[in-house]
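Atoms within each ligand, like the ligands themselves, are counted from 1 in listed order.
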Amino acid sequence: MSQSNCFLHPSFQSKPVYELHCMHCENTVCLRGMKAILLADRSVELFSTDHPPLNSLKSVGKEYQTTKCLCWISDVACSICGQAAGYHVRVPCQSCLSSCNNGHFWMYHSDSVRSEERLDASGEHILVWAEIPPLSEDTVTHDNKLSYIECSR
Ligand SMILES: [Zn+2]
Ligand SMILES: [Zn+2]
């Protein structure tokens, strides 16, 4: 891991990694989630990721720009049930690229997903961003061995 971007900034290191599931159908829509607060509105909680699991999301509608900046974004929905999940920044604008971003261009609305802290390989400790495997070695994103169903009633 020799990346030298803001992603490895100390404030990200100690954050837990979240798994996110579609609120509606339990489809696993994220295994590398980070909790984020929308700068424009601190009451809005979001999750972001560098890469969603393959085929877990589909984009809906056309690309558009918001009034906040010049990024081109598109909404994304659960690929199974179609419920809105969040949005994907397809083309980040200069001001977003030059500000210290965490390299995450996929966002999830916290009211569209159910979040769960991801555990490390031992299954006993909550995985934090300092310890997450690089995307290319993160086997969890390639198979579904961690997508167990929880029965806790
Ligand atoms: Zn932007
Ligand atoms: Zn779904």
Side-chain angles (χ1 to χ4, degrees), residues 3-13 15-119 123 126-127 129 132-135 138-153:
Q3 286 168 289
S4 60
N5 57 22
C6 297
F7 171 64
L8 292 177
H9 190 274
S11 67
F12 295 132
Q13 302 269 345
K15 288 192 172 200
V17 179
Y18 288 91
E19 291 179 33
L20 305 177
H21 304 273
C22 171
M23 199 72 101
H24 189 67
C25 75
E26 288 291 308
N27 179 23
T28 304
V29 291
C30 182
L31 288 162
R32 300 164 65 87
M34 185 185 282
K35 195 179 269 188
I37 306 282
L38 200 61
L39 290 176
D41 181 352
R42 296 196 163 266
S43 66
V44 177
E45 223 178 52
L46 290 171
F47 290 92
S48 67
T49 191
D50 51 355
H51 196 75
L54 202 63
N55 298 326
S56 61
L57 296 170
K58 61 182 180 188
S59 50
V60 282
K62 282 195 281 196
E63 290 178 23
Y64 62 94
Q65 285 174 302
T66 67
T67 52
K68 277 177 295 177
C69 69
L70 298 173
C71 288
W72 283 98
I73 64 178
S74 66
D75 289 327
V76 292
C78 169
S79 64
I80 293 181
C81 73
Q83 158 160 306
Y87 62 91
H88 171 41
V89 179
R90 291 182 171 262
V91 188
C93 70
Q94 277 310 318
S95 99
C96 287
L97 278 178
S98 56
S99 67
C100 184
N101 73 74
N102 59 6
H104 288 192
F105 294 118
W106 298 82
M107 305 293 165
Y108 301 84
H109 302 302
S110 59
D111 54 359
S112 304
V113 293
R114 185 174 63 75
S115 64
E116 196 175 298
E117 280 139 348
R118 180 171 155 187
L119 301 179
I126 291 168
L127 190 64
W129 278 91
I132 196 168
L135 194 53
D138 193 356
T139 51
V140 173
T141 59
H142 300 304
D143 61 48
N144 281 330
K145 69 181 172 206
L146 279 192
S147 62
Y148 50 83
I149 309 279
E150 249 183 85
C151 294
S152 54
R153 48 180 88 177

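Looking only at distances, no side-chain donor or acceptor of Glu19 sits under 3.5 Å from a matching main-chain atom of Thr28. Using modelled atom types, no side-chain atom of Tyr108 and backbone atom of Gly33 make a donor-acceptor pair closer than 3.5 Å. Under a 3.5 Å cut-off, the side chain of Thr49 and the backbone N or O of Arg32 do form a donor-acceptor pair. Between the side chain of Ser110 and the backbone N or O of Glu45, at least one donor-acceptor pair lies under 3.5 Å.
One finds an angle of 110° at the Zn ion (ligand 1) between SG on Cys93 and SG on Cys96, to the nearest 10 degrees. Put simply, the angle at the Zn ion (ligand 1) from SG in Cys69 to SG in Cys71 is close to 110°, to the nearest 10°. Vertex the Zn ion (ligand 2); arms to Cys22 atom SG and Cys78 atom SG; angle 110° (nearest 10°).
Among the atoms of His24, none of the N, O or S atoms falls under 2.8 Å from the Zn ion (ligand 2).
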